[in-house]
Structures are given as structure tokens and as C-alpha cells.
Amino acid sequence: MAENTPDRTLADRQIAEVISRTDKTLAVAVSCALDEATKRALEEMRAIGHEDAAPALQYFAAVVHQRMYCLMCGADPDTFEGGNPKIAYHVIRNAQNIARHYWSADIEPYPEK
């Protein structure tokens with residue numbers, strides 16, 4: 001079903017393209033940084049004889065995720081202070097909806113209070 005939305009202007013299309021291109025560049029940079037952190041940790045753990053203790057890429061991804069969650073919510077990522085609980089709720093609900101819709105997760109998002 002087609003919606004009655006006005007055609008985007010040239011400026012709107014240009015802005016969308018810049019944002020899309022920048023999003024992709026950011027995603028590649030984050031992936032590269034995660035790979036590099038994982039490799040560096042493995043090398044350093046190997047150098048001290050504890051290769052088996054090297055964190056997996058998912059560990060570093062979780063660290064980035066936690067910091068970004070704090071930034072999205074307006075909290076200090078080092079102290080967790082100052083976050084907006086309303087934004088936190090919406091970020092969590094969005095993640096729950098993604099898990100439910102795309103991965104058939106048996107999650108019922110909490111209703112907003």
C-alpha cells in the first residue's frame with residue numbers, strides 16, 4: 001500500500017545519502033576496532049603465557065554496547081550516572097522488539113509506566 005508522502009527534495013536525498021554512507025563507515029570502523037582489540041588482547045595474553053584467558057570478540061562488543069547504551073541514555077559511561085530512564089526504557093524495548101520480530105524470541109516487552 002502506497003502512503004501519501006511528499007517526494008523528497010534533492011537536499012533531503014543528499015542528506016540521507018551522507019548519513020547512510022557515514023553509518024556504513026562507522027559500522028566498518030567499529031568492526032575493525034573490535035577485531036583489532038581481540039587480536040591485541042590475544043597477543044598480549046600470549047606474551048604473558050595466558051593465551052587461554054584472552055577475551056573473545058563478543059566481550060569487547062559487550063563493552064562497546066554498554067558504553068553506547070550509556071551515551072544514548074545520557075549517562076556517563078564510566079560512572080553510569082545521569083542517565084534518562086525514559087530513554088533507557090525505549091532503547092531496551094527496541095532491542096526486545098528486534099529480538100521478537102527477527103529472531104522469534106519469546107519476549108514480551110514491558111509496558112511503559
*asked:* If the threshold is 4.0 Å, N to carboxylate O, is there a salt bridge linking Arg21 and Glu17?
replied: yes

*Does a salt bridge link Arg100 with Asp106, judged by any charged N lying under 4.0 Å from a carboxylate O?*
no

*Please identify each residue that fulfils side chain to side chain donor-acceptor pair (under 3.5 Å) with Arg8, with sequence neighbours left out.*
none

Rounded to the nearest 0.5 Å, how far does [atom2] of [Y] lie from [atom1] of [X]?
X: Leu10; Y: Arg13; atom1: CG; atom2: CZ; result: 5.0 Å
X: Ile87; Y: Tyr69; atom1: CD1; atom2: OH; result: 10.0 Å
X: Leu26; Y: Ser31; atom1: CG; atom2: OG; result: 9.5 Å
X: Asn84; Y: Tyr89; atom1: CG; atom2: OH; result: 13.5 Å

*Find out if a path of hydrophobic residues (ILVMFWY) with successive side-chain heavy-atom gaps under 4.5 Å connects Met68 to Leu34.*
yes

*Same apolar cluster: Val30 and Leu71, side chain cutoff 4.5 Å*: yes

For residues 46-59, tabulate all N or O donor-acceptor pairs below 3.5 Å that involve a side-chain atom, not counting sequence neighbours.
residue	atom	partner	partner atom	Å
Arg46	NE	Glu51	OE1	3.2
Arg46	NH2	Glu51	OE2	3.2

*asked:* Quick check: closest heavy atoms across Ala41 and Phe60, and the distance to 0.1 Å?
replied: CB-CZ, 3.8 Å

*asked:* Applying side-chain hydrogen bond (donor to acceptor under 3.5 Å, both in side chains) to Thr9 and Asp12, what does each step give before you reach the verdict?
replied: CA-CA 5 Å; Thr9 66; Asp12 290 338; 3.2 Å; yes

*When you look at NE2 of His65, are more than 12 heavy atoms from neighbouring residues, nucleotides or ligands closer to it than 6.0 Å?*
no

*Does Met72 CE have over 12 foreign heavy atoms under 6.0 Å away?*
no

*asked:* Side chains of Cys70 and Asp76, heavy atoms from C-beta outward: is any pair under 4.5 Å?
replied: no

*Side-chain touch Val18/Ile15, heavy atoms, less than 4.5 angstrom*: no

